[in-house]
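Each remark here refers to the structure printed beneath this line.
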Amino acid sequence: MSGDDFDFDVDSFEEESDPLQASIDELNPPQAEAASHVDGPLVVFAGAGSGKTRVITYRIANLLAVHRVPPYRVLAVTFTNKAAGEMRHRLESLVGPELARDLWVGTFHATCARLLRRHHEAAGLGKSFVVYDDADQRAVMNRVYKALGIDDKRYPLRQILGRIHKEKQEGVTAAEFVPGSFVDDVVARCFHAYEAHLAQANAVDFDDLLLRVLRLLENPTSEAGEELRRKFRYVLVDEFQDVNQVQYRLVRAFAASTRNLCVVGDDDQSIYRWRGADVRIVRNFSRDFEGTKVVKLEQNYRSTANVVAAALGVIGRARDRIPKELWTQNPPGRPVHVVQTASERDEAAFVAEQVRALVRDDVSPAQIAVFYRVHAQSRVLEEVMRAERLPYQVIGGTKFFDRAEIKDLLSYLRLVDNPQSDVDLLRIINVPPRKIGATTVEKIVAEADRSGRPLTETIPAVLETNLVGSAGKKALASFVKLVDSLRARAATAPPSELARDLVAESGYRDWLLADDSAESDARLQNLEELVGSIAEYEAEIAAAGELPTLSGYLERVSLTAMTDELKDAPKISMMTVHAAKGLEFDFVFLTGMEEDTFPFRSQDPSRDDDDEEERRLAYVAITRARTQLWVTHAERRSIFGTTRYGLPSRFIADMPRAAVQHDKTEASQSSEGRFIDREGWAFGPRRDDGRPPAPKLAWSRPTPEPRQAGERFVEAEDEASSSSFGRRRSVELDPSELPEHTTPATKLLAGSIGRGTRVAHKSFGVGVVLELDEGEDPTATVRFTGWTPKRIKLRFLHVAE
DNA sequence: GAATGGCCCGGCTGC
DNA sequence: CGGGCCATTC
């Protein structure tokens, strides 16, 4: 990629720049300033909903169109791949697809991965290096523990790994690490061994992606470093409040030659301290860079005045803020609804009821979001959404790429791509079972550790010796043959084809087929889906005029944030508050607003909880809402097997009374709501503000249904049917019209239900009978759409038409 | 050597 | 509550 002599098609360009000028004129004065002040350091403090994205895109468009900067000399760092995609998309319509395509837009990790591929040699990596994720790191460390004889009980692996991670985020390498305590000696030994294993495997972890580029940049004698230092003329970083030390050093190094560095952030929205982010970096930016221009965007265009007021109430009590005042001209809108619910089920039922009402009023589900503090809270919400037939998608959490079969297939692919990757080899060497047992594997690993060579090289060597028996040798030899043939195929076939063949040739397909269960069926489908996703990738890359590669696909998989999965399908989005950063929705439900849940309190006393960060997190959550916000809290919540009785979150009390309306579900029977006053005093519900008392809400049934003795069946069913959504309407099936405790089921059913009968359950919807257990109390095993098969007594079922 | 069942432990946020 | 690990059994 050479020089500045980039040739523009000026004529076609002029036409495009007119709408650009028109749009810049629409910006308010500080926005326009931030977009057009292009030279020298600039920090933009962009309040929530202040039109930040707009400013950034116009700024870039301005650089390209007015200042004629070649696009490949502009680097824009975003927080998620999705944000990068959106930015590119917007720029396409501003400056045209050709220019937008050559911009460097991406996350720190994606950008560094791309640069490393280009400069892998200088960075000391093989061409097909792989990126090890969390699980891979643990696998490596497991092996290190075994080799060094370290006791996992005394030194929990996670803790040691976490420590190494923390050091790397500060830019500390194994060589530079100075042990300061007894435990640190263990950390140091593991650190060295861990790095050695990664190097041997031609692998990097997430931290390495950044560190290795940084090392190049900061090496004055490296040619690649010199190239990188001159590469970008303009550097722009979004969500700057969440950068860590390494990222900051990267940014500074990229911008060192020109000082054209623009950072955009909001210290009030800094929510990744636990990941090494340091708010002080954005706060001190203008001190670090002499002559920094400071712009503050303080007008909120996104939310109603009530939502803004609630958000300000929460963030106003934070310490250490850069002084700024968010304001809005928007109409007040509806008050923020704070709703007390009885339990997490009641809470979920309430959310579902409200969502249903919105959808009935023609609100697109895509404009509705449900937030929670931790993923564990999503399960109940999901169950109710499914039962209610409400279209939803969960962002993040353990999903597709965490499934065993997907990881297996990916491991095969990674091993084919990078023979040195021991973690991957170990994962699949006996999956499907091919008679290479634990003992054999241990021997090979020991030999590899002894010789310091990757397993791929060790296995053929072992075959020459008598370390393993003849049966083991035979099994190993056929495994080697398999991998070799796959690798040969990879040289010619496109990745998706390779993957498809792999499923068959590895024996994986037969292995799953042999197990004739519904589950293995689903796993096979998952594999097909993965193959499909590879094909999708190929089509996409080909459309961009590039060559799809296995490495490229694998890298995309490892770097794709879960938030990025968010499709624009008309579905309700459910996600953690962290994942919600940078997004906005018309209608937002913020759930689990109880002390200890949000603000979150860790069970682990050694972890210092950070109340300030929790507060900022709450601020982020609230400011995602455009039109209306519901804040729900439950009196009791089952979490990790125990029931917790929680007081409403302190953040609720921090919202100004005038902006908030308090309600309760009927199932919430507690005498009075208890709110923690700012001074810590409890007082009653806030009905003293001149508003009439909230109407009785109708989403919960008046009295809980009497539980009949001996009615316990499958636990989930029991809970579901006694929860408050039993009478909810649903689209395909209307349970409210089903008699609740009719006998017909049992009587009728005896004759009319059998294998394959379509039946209905008031909570699970429609399903198919897999098996019938006739007896005293006939029970059927039923598979409902979207659920794992459940055992249900016939009297709770009805024949579906 | 593989499959299955019990038990213990961790338990958040994520590139 | 659920995943991962280990011991037991086939």
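We name chains A, B, ... by the order of the sequence lines, and we start the count at 1 in each one. What's counted below: heavy atoms across the whole structure, side chains too, no hydrogens, waters or symmetry copies.
Between A:Ala110 and A:Thr439, the residue whose closest nucleotide on DNA chain B is further toward the 5' end is A:Thr439. Along DNA chain B, the nucleotide nearest A:Thr576 and the nucleotide nearest A:Trp511 are compared for position; the residue whose nucleotide lies closer to the 5' end is A:Trp511.
Residue ring and base: A:Phe108 does not count as stacked with B:dC15 (centre distance below 5.5 Å and interplanar angle below 30° not both satisfied).
Rounded to whole Å, atom P of B:dC12 lies 13 Å from atom OH of A:Tyr372. The NZ-C1' distance, from A:Lys146 to C:dC6, rounds to 12 Å in whole Å. Spacing between atom CG of A:Asn430 and atom P of B:dA2 amounts to 4 Å, rounded to whole angstrom units. The separation between A:Glu239 atom CD and B:dT13 atom P is 19 Å, rounded to whole Å. Remark: C1' of B:dG14 and CD of A:Glu613 are 13 Å apart, rounded to the nearest angstrom. The separation between A:Arg616 atom CZ and B:dT13 atom C1' is 13 Å, rounded to whole Å. The distance from atom CD1 of A:Ile395 to atom P of B:dT13 is 15 Å, rounded to the nearest whole Å.
Across all strands, A:Thr78 comes closer than 4.0 Å to no nucleic acid atom at all (heavy-atom distances). Nucleic acid contact class of A:Ser558 (heavy atoms, under 4.0 Å, all strands): none.
Distances from the side chain of A:Asp134 to the nucleotides B:dT13, B:dC15, B:dG1 place B:dC15 closest. Of all nucleotides listed (B:dT13, B:dG11, B:dA3), B:dA3 comes nearest to the side chain of A:Pro433. Which of C:dC1, B:dG14, B:dG11 sits closest to the side chain of A:Arg379 comes down to C:dC1. For A:Arg275, the side-chain atoms get nearest to B:dC15 when compared with the rest of B:dC15, B:dA2, B:dG1.
Checking the phosphate oxygens (OP1, OP2) of B:dC15, no side-chain nitrogen or oxygen of A:Thr80 falls inside 4.0 Å. Between A:Asn244 and B:dC15, a side-chain N or O to OP1/OP2 separation shorter than 4.0 Å is absent. The shortest distance between the side-chain N/O atoms of A:His375 and the OP1/OP2 oxygens of B:dG14 is below 4.0 Å. When the side-chain nitrogen and oxygen atoms of A:Thr440 are compared with OP1 and OP2 of B:dG1, one or more of them lie within a distance under 4.0 Å.
For A:Asp267, the salt bridge (charged side-chain N to carboxylate O under 4.0 Å, His left out) partners are A:Arg283, A:Lys324, not counting sequence neighbours.
A:Tyr272 and A:His578 have their aromatic ring centers within a separation under 6.0 angstrom. A ring-centre distance under 6.0 Å is not found for A:Tyr194 and A:Tyr132.
Using a cut-off of 4.0 Å between Lys/Arg side-chain N and Asp/Glu carboxylate O, A:Arg616 and A:Glu613 are scored as salt-bridged.
Side-chain atoms of A:Ser411 and A:Asp424 form a donor-acceptor pair, as typed in the model, at a separation below 3.5 Å.
Residue side chain A:His165 reaches the base of B:dG14 through a donor-acceptor N/O pair under 3.5 Å, judged by distance alone.
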